[in-house]
There are 2 protein chains.
Amino acid sequence: MNELTERQKSVYNFITTYQKQHGYSPSMQDIAGHLQVSGNLGVIRHLTALEKKGYLTRTPGNSRSIKLTPSFSSYPESLERMIHGEEQFSVFLPVVGSVRAGIPQPPEEDIQEYRSIDRDVARSGGTFFLKVKGDSMIEASIREGDLALIRPQEAAQHRDIVVALVDGEATLKRFYREADHIRLQPENAAYQPIIIREGEKDVTIIGKVVSIYRSLD
Amino acid sequence: MNELTERQKSVYNFITTYQKQHGYSPSMQDIAGHLQVSGNLGVIRHLTALEKKGYLTRTPGNSRSIKLTPSFSSYPESLERMIHGEEQFSVFLPVVGSVRAGIPQPPEEDIQEYRSIDRDVARSGGTFFLKVKGDSMIEASIREGDLALIRPQEAAQHRDIVVALVDGEATLKRFYREADHIRLQPENAAYQPIIIREGEKDVTIIGKVVSIYRSLD
DNA sequence: CGCTATAGTTACTAAATAATAACTATCATC
DNA sequence: GATGATAGTTATTATTTAGTAACTATAGCG
């Protein structure tokens, strides 16, 4: 029902681009010029369609009054644009509940909420939040309930804190590259490290922990 | 040089408010209506003045093309508006380096950087970030270098983590209200608690820690 | 084939909007 | 008292802009 036609997509994309470049919305003539159509009736109908489908709102009679609906910044399309784009202050990222192999393409149903962060934290694509479960990293001052900002990457640097998929469950571990293996070390003396030798275990590195966010009270 | 007159301030304020409410800029007539002046020449001159002083930019001939300069969101005036206002996604808060008695009015020189946060974290006024020094709260998983989001308040609830001014220095402590005194307990066995009896010590509660933000790598 | 949705054209109009001209008033400063 | 900056008025105008009317074209579908 909310699917967009190709033409509607390019209208939508042009509006986001124009808003980023100018700081305000395009007029219908601006859009018509970009679409290379003459007259603005076509544009009006596209906008009406986009409005009906919930992608934007307008104020009748007011010029340049297009307002994009923020909740329609759905993963991954619009989000990619926001992360890679010239977003001025902050971007929206999904908070995924349970991490699966599908990363970095979390299914929309898994998105529990959204958080905004400083733009420069999310330079590269696909970044997302993960809600921390368990106390495996308690000695690194990361606790249950914290939000970990994850940058998806398969490799990691020595001593990075990473998200690893162990037995189908996402856990945080510190990454150590050693002689002939990789060691994923929990920062909790009560837990055992995981040793991975070449193509041996069912363990996948999903990404690196870039920052930690905790809400008190 | 960049000081604003009273009238210019109210123009500026109206534009920010209008943008927040509508998602796009007001027309000159909108502004004139708000100022209760007839004709829009006055408005044009105010906008020209604001533009010359660097507070906004416009595109000649384009309607509703006012674009506020983001860097002019200086503490405390514009910031207060942002915090109290209907900011949709996130607000900008100063990160203060050393906390002094002047809170919640940190002098601008102390602002080291800015961070954006989720809007609903900053409902009440004056909120700011404090860069954590020392390890007095290490057992509460708060470490040196973390950013603590502080909501200024003189009172605190039992077991809140608060910022206290002890000997002119800001430190984090957990707040305990007990029989005939208040106890400020570090979450580090190596440190001693501070006991405060009625108007006895030179200790001030500055605010409550609302959230913690940590950047890795 | 007829029906519907999408997409486009030309021509037009009314309202919204930005901008200018000519003039007055107040206040601080030299 | 003159000068300049700020602030305001009424009147007018040209352009921008949103929206409408009437018509054509294509593609998918039953």
Side-chain angles (χ1 to χ4, degrees), chain A residues 1-19 21-69 72 77, chain B residues 1-19 21-69 72 77:
Chain A
M1 204 58 184
N2 285 346
E3 293 302 309
L4 295 185
T5 67
E6 282 307 306
R7 210 60 173 148
Q8 286 164 2
K9 273 184 197 169
S10 52
V11 171
Y12 184 88
N13 287 344
F14 175 69
I15 295 172
T16 63
T17 305
Y18 190 101
Q19 285 188 345
Q21 283 180 346
H22 296 83
Y24 48 87
S25 289
S27 66
M28 297 191 169
Q29 280 77 353
D30 290 334
I31 301 175
H34 175 256
L35 294 180
Q36 309 225 45
V37 299
S38 80
N40 56 1
L41 176 53
V43 175
I44 289 184
R45 280 196 298 235
H46 288 138
L47 291 181
T48 309
L50 284 166
E51 194 165 14
K52 200 189 291 176
K53 291 178 182 175
Y55 285 77
L56 52 84
T57 57
R58 292 188 302 149
T59 311
N62 275 17
S63 63
R64 301 178 184 272
S65 61
I66 296 171
K67 191 180 173 185
L68 295 181
T69 311
F72 263 91
E77 269 187 55
Chain B
M1 204 58 183
N2 285 344
E3 294 301 310
L4 295 185
T5 67
E6 281 308 306
R7 210 57 173 152
Q8 287 164 1
K9 274 185 198 170
S10 51
V11 171
Y12 184 88
N13 288 344
F14 175 68
I15 295 172
T16 64
T17 306
Y18 190 101
Q19 286 188 344
Q21 285 178 346
H22 297 82
Y24 48 87
S25 288
S27 66
M28 298 191 168
Q29 279 77 353
D30 290 335
I31 301 174
H34 174 255
L35 294 180
Q36 309 223 45
V37 299
S38 81
N40 56 1
L41 176 54
V43 174
I44 289 183
R45 279 195 299 235
H46 288 138
L47 291 182
T48 307
L50 284 166
E51 195 164 12
K52 199 189 296 177
K53 291 177 182 175
Y55 285 78
L56 52 84
T57 58
R58 290 188 302 149
T59 311
N62 276 15
S63 63
R64 300 179 184 273
S65 61
I66 298 170
K67 190 180 173 184
L68 294 181
T69 310
F72 263 92
E77 269 185 56

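Proteins come first, then strands; the chains are lettered A, B, ... in the order of their sequence lines, and each starts at number 1.
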What nucleotide, of dG8(D), dT17(C), dT17(D), holds the atom closest to the side chain of Ser27(B)?
dT17(C)
Using the six-membered ring wherever Trp is involved, compare the ring planes of Phe14(A) and His34(A) and label them parallel, tilted or perpendicular (cut-offs 30° and 60°).
parallel
Smallest separation among heavy atoms of Ser25(A) and Gln19(A), with atom names
OG-NE2, 2.8 Å
I need the NZ-P distance between Lys9(B) and dT6(D), as an integer number of Å.
15 Å
Please produce a list of atom pairs where a protein N or O lies less than 3.5 Å from an N or O of nucleotides 21-27 of chain D.
none

Residue Val37(B), side-chain atoms from C-beta onward, closest of dT9(D), dA18(D), dG8(C)
dT9(D)
Compare all side-chain heavy atoms of Val11(B) with those of Leu56(B) and state whether any distance is below 4.5 angstrom.
no
Hey, which of these two, Ala49(B) or Asn62(B), hits DNA chain D nearer its 5' end, going by closest nucleotide?
Ala49(B)
Close side-chain approach of Thr48(B) to Arg58(B), heavy-atom, < 4.5 Å
yes
Separation of Gln29(A) atom CD from dA15(C) atom C1', in whole Å?
13 Å
How close or far is atom P of dT17(D) from atom CG of Leu47(A), stated in whole angstroms?
14 Å
Which part of the nucleic acid, if any, lies within reach of Asn40(B) when heavy atoms closer than 4.0 Å are counted: base, sugar-phosphate only, or nothing?
base
Within the distance-only criterion (no hydrogens, no angle test), does the side chain of Asn13(A) pair as donor or acceptor with the backbone N or O of Ser10(A) below 3.5 angstrom?
no
In this structure, how many angstroms lie between the P atom of dG8(C) and the CD1 atom of Ile31(A), rounded?
13 Å
Leu35(B) CG to dT6(D) P: how many Å, rounded?
16 Å
Check every strand shown and say whether Ser38(A) touches a base, only sugar-phosphate, or nothing at a heavy-atom separation below 4.0 Å.
base
DNA chain D nearest-nucleotide lookup for Gln36(B) and Pro60(A): closer to the 5′ end is Gln36(B)
Tell me: CD1 of Ile44(B) to P of dT6(D), nearest whole Å?
16 Å
Side-chain N or O of Arg7(A) versus OP1/OP2 of dT6(C): is the shortest distance under 4.0 Å?
no
Specify the separation, in whole Å, of atom CG of Leu50(B) and atom C1' of dA5(D).
15 Å
By nearest atom, which of the nucleotides dA7(D), dG19(D), dA7(C) is closest to the His46(B) side chain?
dA7(D)
Quick one: are Asn62(A) and Arg64(B) in side-chain contact, heavy atoms under 4.5 Å?
yes
Would you say Ser63(A) reaches dT17(C)'s phosphate, i.e. side-chain N/O to OP1/OP2 under 4.0 Å?
yes
Just so I know, are the side chains of His46(A) and Ile31(A) near enough to count as touching, which here means a heavy-atom distance under 4.5 Å?
no
Round to the nearest Å and state the distance from Met28(B) atom CE to dT16(D) atom C1'.
13 Å
